[in-house]
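Report on the following structure.
Just so it is clear: chains get the letters A, B, ... in the order the sequence lines come, proteins before strands, and each one is counted from 1.
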There are 2 protein chains.
Amino acid sequence: MAVTLKDVAADCGVSASAVSQVLRSHHACRVSPAARERILASARRLGYRPNHISTSLRRQRSGLLSLILPWNNPELMEVMEQEAYRLGYRLMTNFLTRPDLDREIALLNNSLDWQVEGLFWLPYANLSAYPELLLQRLRGNKARLVFMQRRLPDVPGCLVGTDYRQGVRDAIAHVQHQGYRHVAFLGTSLKFEIKSQRQNYIQTECRERGLPCETILLDNLPGSDASASLVLSCLQAIKMFPCAIFCDNDSLAVHAVHALQKMNVDIPGQVGLIANGDQLVLGHFRLGDITTPSLTALSTDYTSQGRLAISRMIQLLQDDTAAPPDVWLPLPFRPRASTALNHPNPTPPAV
Amino acid sequence: MAVTLKDVAADCGVSASAVSQVLRSHHACRVSPAARERILASARRLGYRPNHISTSLRRQRSGLLSLILPWNNPELMEVMEQEAYRLGYRLMTNFLTRPDLDREIALLNNSLDWQVEGLFWLPYANLSAYPELLLQRLRGNKARLVFMQRRLPDVPGCLVGTDYRQGVRDAIAHVQHQGYRHVAFLGTSLKFEIKSQRQNYIQTECRERGLPCETILLDNLPGSDASASLVLSCLQAIKMFPCAIFCDNDSLAVHAVHALQKMNVDIPGQVGLIANGDQLVLGHFRLGDITTPSLTALSTDYTSQGRLAISRMIQLLQDDTAAPPDVWLPLPFRPRASTALNHPNPTPPAV
DNA sequence: TTGAAAGCGCTAACAA
DNA sequence: TTGTTAGCGCTTTCAA
């Protein structure tokens, strides 16, 4: 069906190796100009296209990279895919929207089965959760590994992440300065290391600044009707007003807005809201700019992170020697309306 | 480096083909139980994993599918990837956020070079824009084609789309019933067939219902600061109030909300807003539920569309004979606050 | 300057 | 029940 090297060779009466030389070699031209011309003409006329499967097998080099993340991140996907493509690689992307360890493992194995040259990975679980066989493959020096945000111990590779500590510091300083006298952390109770890390940063920062800090953990991932229980948990946990609630992701923040508004709680007067993520939505807008009130947020710069991850990968791929050092990108803090306190002495809402 | 069939064969003293039989054959067990056990044990112990590149080459069957769309659609990607995976295929996804014909062509060719078995594609340009070589490859009966929303003539394949006609009909009926006396279509002036199709539907429907209808086309894609010019175009085009503006995509709708609010135009009192798309955002929310006011919208059901596209592809892959018929999914209309007119005799805004 | 040959890892037909 | 063989399409020595 498809036109192969052999077809081109037969068409212009040379050997397959000559055709391969002319069509695919970047450096040398050990073929006579005349033959060269004939080969190029034949190839064009027949519509020859190289078969990536066979070149990958022969060269032992697939040109594939794989991205595996525990959530759907269009912004990161887009920039990484484009950068990879620009540099001659093809990125296979997989998002695990819900926690699903089996699928995560299957995807990692499948990627490795496809002989990917590199893997971008934000591991959802801890080291012990992954099968030994998989870890062996990962440790075997074949595929390069760039961890996104969180590294697995004892697995070689470098890391590109976002530095939450400074972001949290900025956020807490801001809300204290605005006059909030209480802080609450609103998260999900999933055992996911990064999340508890953020929680710790917030608690530490509040302690140092003498701000009381409550923690509210929701049992299940917020579905579309989780708002009611959410607002109740929020308000019950709040002892002093005005209170600033740090929502551990954008989704929680939107839920909180809806829920608080339904109960006529004044944002930012009685409750201030800080979102973590501030995702790019529709390619143009940050989530925090779309809601009413607009949401004060820690807005992770996934475009930079993605670009950096790719360049780190290229480094790993090019010289086998030293892994480049981990990078932690700064996390911009964006104050918006949801924490612009203008009630010096607010009254607590009637719960 | 990696453990191959040969390694396993050598390890337990049988031939490679025996190992292949035991490890990879689904049907027969022509190998003695004893040998079988030894092989399985060796494979497990050595951590054998099949090389997808070589099996694909040998079997002439890659198990790859490719999705190429002219915009970033996380919802569609997620459902299609999962469905494909469930059915034993691996989906490679590529989004072209900005119009980029060269990249689109390159991605199509690259997918075919990888010997994908099927291609899901929403062509951005018209037939004549694509090189003849590419069209030949697409017409050659190798890779199956499922067009998303829009088909290219003279290229075999089936289609899965959304039926805008009924959706538009519902929307226009709704705004007329709400009391809007004028309609405006707000779109981008990109030459993209689907868009002008929607525009036509709206104009036709308005004509039949005796509603005057203006068209506003923006020259460039809306960037973050396009709002000002946008609102001006809108308001200048409006001759009668209250006016319902049909925004051809979510992004335009959000821009319109911002712009109109900045100019103190009352939504829905003076201007009603209808969004097309109503994308799922953060996996939980529809865009129209996040904004204030909430946006009346035509909300495309990408989850159904994706699932259907995959099942169509499987049909194409399984029997070569007849292409399944095209499908047009119904397009749910969701009235929300942005068209809930409550001013019977509104005054025009001061422009 | 060229072609023959070997082989990447695997599978499937064939022969033993 | 098994091993041998011949490739899939391509690249890269090696010998002519």
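For C/dG9, one of the phosphate oxygens OP1 or OP2 lies less than 4.0 angstrom from a side-chain nitrogen or oxygen of A/Gln60. Neither OP1 nor OP2 of C/dT11 sits under 4.0 Å from any side-chain N or O of B/Ser54. Within the 4.0 Å cut-off from OP1 or OP2 of D/dC10, not a single side-chain nitrogen or oxygen of A/Ser20 is found.
A straight line from CD of A/Gln21 to P of D/dT12 spans 8 Å, rounded to a whole angstrom. For the pair A/Arg24 CZ and D/dG9 P, the interatomic distance rounds to 15 Å; values are reported in whole Å. At whole-Å resolution of the value, CZ in B/Arg59 and P in C/dA12 are 5 Å apart. With rounding to whole Å, A/His52 atom NE2 is found 22 Å from C/dC8 atom P. The nearest whole Å value for the distance from the CZ atom in B/Arg61 to the P atom in C/dA12 is 11 Å. Protein atom CG of B/Leu23 is 9 Å distant from nucleotide atom P of C/dT11, rounded to whole Å. Atom pair A/Arg36:CZ and C/dT2:C1' shows a separation of 15 Å (rounding to whole Å applied). The distance from atom CD1 of B/Ile53 to atom C1' of C/dG7 is 16 Å, rounded to the nearest whole Å.
Side-chain atoms of B/Tyr130 come within 3.5 Å of backbone atoms of B/Ala125 as a donor-acceptor pair (strictly under, hydrogens ignored). Judged purely by atom type and a 3.5 angstrom limit, B/Gln149 uses its side chain to pair as donor or acceptor with the backbone of B/Thr162.
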Requested in this report: Determine, step by step, whether A/Glu117 and A/Arg61 satisfy the salt bridge (charged side-chain N to carboxylate O under 4.0 Å, His left out) criterion, reporting the C-alpha distance in whole Å, the side-chain angles of both residues, the deciding distance to 0.1 Å, and the verdict.
Outcome: CA-CA 7 Å; A/Glu117 296 182 41; A/Arg61 201 179 155 299; 3.4 Å; yes
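Of the candidate nucleotides C/dT2, D/dC8, D/dC10, D/dC10 has the atom nearest to the side chain of A/Tyr48. The side chain of B/Asn51 sits closest to C/dG9 out of D/dT2, D/dC8, C/dG9. Of the listed nucleotides (D/dG9, C/dC10, D/dG3), C/dC10 has the atom at the smallest distance from the side chain of B/Leu5. The side chain of A/Thr4 approaches D/dC10 more closely than any other nucleotide in the set C/dG9, C/dT1, D/dC10.
End-to-end axis angle for the helix from C/dT1-D/dA16 to C/dA16-D/dT1, using five pairs per end and rounding to 10°, comes out at 50°.
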Would you tabulate the pairs of protein nitrogen or oxygen atoms and nucleotide nitrogen or oxygen atoms of nucleotides 4-6 of chain C closer than 3.5 angstrom?
| residue | atom | partner | partner atom | Å |
| --- | --- | --- | --- | --- |
| C/dA4 | N6 | A/Ser17 | OG | 3.3 |

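Remark: A/Glu81 does not engage A/Arg86 in a salt bridge, criterion side-chain N to carboxylate O under 4.0 Å. A salt bridge is absent between B/Asp11 and B/Arg38; no separation between the charged side-chain nitrogens and carboxylate oxygens falls under 4.0 Å. The pair A/Glu132-A/Arg139 meets the salt-bridge criterion, with a side-chain N (NZ, NE, NH1 or NH2) lying under 4.0 Å from an Asp/Glu carboxylate O. A salt bridge links A/Arg137 to A/Asp113: at least one charged side-chain nitrogen sits closer than 4.0 Å to a carboxylate oxygen.
Ring centers of B/Phe147 and B/Trp328: at least 6.0 Å apart, outside the cut-off.
Tested against A/Asp326, the residues A/Arg150, A/Arg151, A/Arg312 include a single salt bridge (Lys or Arg N to Asp or Glu O under 4.0 Å) partner, A/Arg151.
For the pair A/Leu152 and A/Asn126, the tightest heavy-atom approach, listed with the atom from each and the gap, is CD1-C, 4.3 Å.
In terms of position on DNA chain D, the residue among B/Leu57 and B/Ala16 whose nearest nucleotide sits closer to the 5' end is B/Ala16. In terms of position on DNA chain D, the residue among A/Pro50 and B/Arg38 whose nearest nucleotide sits closer to the 5' end is B/Arg38.
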